[in-house]
Amino acid sequence: MGRTARNIDMAGTRRKGPGPFIVGILNVTPDSFSDGGDFLDPEAAAVHAASMLDEGAGMLDVGGESTSPGSDSVPQEEEIGRVVPVIERVLALRPEAVISVDTYRSGTATAALEAGASLVNDVTARRGDPSMVSVVGEAGCPVILMHMQGEPKTMQKEPHYKDVVREVKNFLAERAEYAGDAGVGPENIIVDPGIGFGKNLEHNLDLLRNLDAIVDLGFPVLIGASRKRFMEWITGVQEARDRVSGTVATTVLAYERGATYFRVHDVRANREALAVAEAILHSPRR
Ligand code: HH2
């Protein structure tokens, strides 16, 4: 396993450390909600990856199965067959790329780490596959733990919470503790409230508005709101690719509230917005 957590200085990604980081989305799927089918060919995927890096992505998230509402799961072999050639091709083109694999399956995570991925993005926070614990623990690599109510096929049917912020926060604290017990160091944990995963409009807005509560857990926070459907419920923009302005609004406000990682499709727009937000918030007063 040539490239694992050793390549990433996670300590530097704490709230007061360097960052923010843009995580460029690379979906190698036929059915992702906004870019399905665009990057199935490893060569096309690698070219897109390189352009996201050039636009300022600090990291790439490669996924081989859609997890958007109503999506079906694919067999592990198929998922591996999608992500591994892309990871290899991207690293051949851009050896410096830091790549996370978006999977909840330990077999896919293992294959991706062997191919050169540096961290695992687990949207089930390790509930999907019990063996994920040992894979991530043994690799010593960072892991993104995300909150989801239900499962992708049905999660948007009737999401319900008494207090969404408290419940998501408690869930992430519990999963981080579980990961810690399994040998994942606190410096290797990133948490994510899971925007759009078993949440209605109010749930998403409540979480984004009160992100400080999740930041208070003490782990770097990742936000994955890019082009998501809840923006259509506010703006009326039906075409997912056209939800760039809405995405930028979530990025800037989440950054202001302490988030560190922003998983987005439109790297340049989000990178520029963050640069301006950073300047406003952190430039020394003249
Ligand atoms: N959202 C998606 C997929 N993976 N991972 C994390 N940590 N956080 C997220 O919010 C998140 C995620 C869904 O978005 P996308 O990859 O664009 O679509 P699809 O699942 O249809 O491929």
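Residue numbers run from 1 in the order of the sequence given. All heavy atoms count here, side chains included; hydrogens, waters and symmetry mates do not.
- The two residues Arg257 and Arg209 come nearest to each other via the heavy atoms NE-O, 3.0 Å.
- Smallest separation of non-hydrogen atoms from Glu55 and Arg268: OE1-N, 3.4 Å.
- The structure places CD of Glu65 at 11.0 Å from CG of Asn27, a figure rounded to the nearest 0.5 Å.
- Between Leu208 and Phe230, the closest heavy-atom pair is CD1-CZ, 4.0 Å.
- Side-chain contact between Pro193 and Val221 is present, with heavy atoms from C-beta onward closer than 4.5 Å.
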Checklist entry - Could you go step by step and tell me if Val136 and Cys141 meet the side-chain contact (heavy atoms from CB on, under 4.5 Å) rule? => result CA-CA 6 Å; Val136 173; Cys141 72; 4.2 Å; yes
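- No side-chain heavy atom of Val86 sits under 4.5 Å from any side-chain heavy atom of Arg82.
- Within a 6.0 Å radius of NE2 in His282, more than 12 heavy atoms belonging to other residues, nucleotides or ligands are found.
- The only option from Val23, Ile99, Leu53 that meets the side chain to side chain contact (heavy atoms under 4.5 Å, CB included) definition with Met59 turns out to be Val23.
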Next on the checklist: Using the rule given for side-chain hydrogen bond (donor to acceptor under 3.5 Å, both in side chains), can you reason through Ser106 versus Asp129, listing the C-alpha separation, both sets of side-chain angles and the distance that settles it, and then say yes or no?
Outcome noted: CA-CA 6 Å; Ser106 61; Asp129 179 346; 2.8 Å; yes
Checklist entry - Does the salt bridge (charged side-chain N to carboxylate O under 4.0 Å, His left out) test come out yes or no for Arg89 and Asp41, once each step is laid out? => result CA-CA 10 Å; Arg89 191 70 202 101; Asp41 168 39; over 6 Å; no
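- Arg229 contributes atom CZ, which lies 11.5 Å from atom CG of Leu201 (distance to the nearest 0.5 angstrom).
- Atoms CG and CD, from Asn170 and Glu174 in turn, are 9.5 Å apart once rounded to the nearest 0.5 Å.
- Residue Val90 comes nearest to Ala49 through the heavy atom pair CG2-CB, 3.7 Å, listed as atom of the first residue, atom of the second, then distance.
- Hydrophobic clustering (ILVMFWY, side-chain heavy atoms < 4.5 Å, transitive): Leu205 and Val168 are in one cluster.
- With 3.5 Å as the limit, one finds no donor-acceptor pair spanning the side chains of Asp206 and His203.
- Taken to the nearest 0.5 Å, the CG atom of Leu211 stands 7.5 Å off from the CD1 atom of Ile195.
- Val184 is listed as a side-chain neighbour of Ile189, based on a closest heavy-atom distance under 4.5 Å.
- Looking at residues two or more places apart in sequence or on another chain, you find a ring pair (Phe, Tyr, Trp, His ring centres under 6.0 Å) between Phe171 and His147.
- For the side chain to side chain contact (heavy atoms under 4.5 Å, CB included) with Arg263, the qualifying choice from Asn121, Asp192, Ile223 is Asn121, the only one to do so.
- The environment of Glu177 atom CD is sparse: at most 12 non-hydrogen atoms of other residues, nucleotides or ligands sit within 6.0 angstrom.
- Linking Ile, Leu, Val, Met, Phe, Trp and Tyr residues whenever their side-chain heavy atoms come within less than 4.5 Å leaves Leu172 and Tyr178 in two separate clusters.
- Smallest separation of non-hydrogen atoms from Asn204 and Gly196: OD1-N, 2.9 Å.
- Classification of Asp122 and Arg175 as a salt-bridged pair fails, no side-chain N sitting under 4.0 Å from a carboxylate O.
- For the atom pair CD1 (Ile144) and CG (Leu222), the distance works out to 5.0 Å, reported to the nearest 0.5 Å.
- Checked by atom type and distance alone, the side chain of Gln156 pairs as donor or acceptor with a backbone atom of Lys199 at under 3.5 Å.
- For the pair Lys162 and Glu167, the salt-bridge criterion is not met [side-chain N within less than 4.0 Å of a carboxylate O].
- Under the 4.5 Å side-chain criterion, counting only non-hydrogen atoms from C-beta, Leu26 is in contact with His48.
- Residues forming a side chain to side chain donor-acceptor pair (under 3.5 Å) with Arg127 (at least two apart in sequence, or on another chain): none.
- The shortest side-chain heavy-atom distance between Lys228 and Phe197 falls under the 4.5 Å cut-off.
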Next on the checklist: Working note: Asp54 + Arg94, criterion side-chain contact (heavy atoms from CB on, under 4.5 Å); need CA distance, chi angles, decisive distance, verdict.
Outcome noted: CA-CA 10 Å; Asp54 291 341; Arg94 300 295 289 267; 3.0 Å; yes
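- Hydrophobic clustering of Ile, Leu, Val, Met, Phe, Trp and Tyr side chains at less than 4.5 Å, counting indirect connections, keeps Tyr261 apart from Val248.
- Proximity of a side-chain donor or acceptor of Arg241 to a complementary backbone N or O of Ser34 within less than 3.5 Å is detected.
- The pair Arg105-Glu77 fails the salt-bridge criterion, with no side-chain N (NZ, NE, NH1 or NH2) lying under 4.0 Å from an Asp/Glu carboxylate O.
- In this structure, Gln149 contributes its side chain and His160 its backbone to a donor-acceptor pair below 3.5 Å.
- Phe33 has its side chain out of reach of Ser66: every pair of non-hydrogen atoms, C-beta onward, lies at least 4.5 Å apart.
- Of the listed residues (Val135, Thr103, Val101, Val120), just one forms a side chain to side chain contact (heavy atoms under 4.5 Å, CB included) with Thr110, and that residue is Val135.
- No side-chain heavy atom of Arg271 sits less than 4.5 Å from a side-chain heavy atom of Phe262.
- Linking ILVMFWY residues whenever their side-chain heavy atoms come closer than 4.5 Å, directly or via other members, places Val191 and Val165 in the same cluster.
- Judged purely by atom type and a 3.5 angstrom limit, Ser100 has no side-chain atom pairing as donor or acceptor with the backbone of Leu119.
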Next on the checklist: Lys169 vs Asp216, test: side-chain contact (heavy atoms from CB on, under 4.5 Å). Steps then yes/no.
Outcome noted: CA-CA 9 Å; Lys169 180 177 182 174; Asp216 278 350; 4.1 Å; yes
Next on the checklist: Run the side-chain contact (heavy atoms from CB on, under 4.5 Å) test on Val237 and Met231 for me, step by step, so that the C-alpha distance in whole Å, both residues' side-chain angles and the decisive distance to 0.1 Å come before the verdict.
Outcome noted: CA-CA 7 Å; Val237 177; Met231 293 173 195; over 6 Å; no
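- Distance check: Leu274 CG to Ile22 CD1 gives 5.0 Å after rounding to the nearest 0.5 Å.
- The number of heavy-atom neighbours closer than 6.0 Å to CD of Glu239, taken from other residues, nucleotides and ligands shown, is above 12.
- Ile25 and Val244 fall into different hydrophobic clusters, where Ile, Leu, Val, Met, Phe, Trp and Tyr side chains are chained together by heavy-atom contacts under 4.5 Å.
- For the pair Val267 and Ala57, the tightest heavy-atom approach, listed with the atom from each and the gap, is CG1-N, 3.6 Å.
- Here the side chains of Leu281 and Tyr255 are in contact, with some heavy-atom distance below 4.5 Å.
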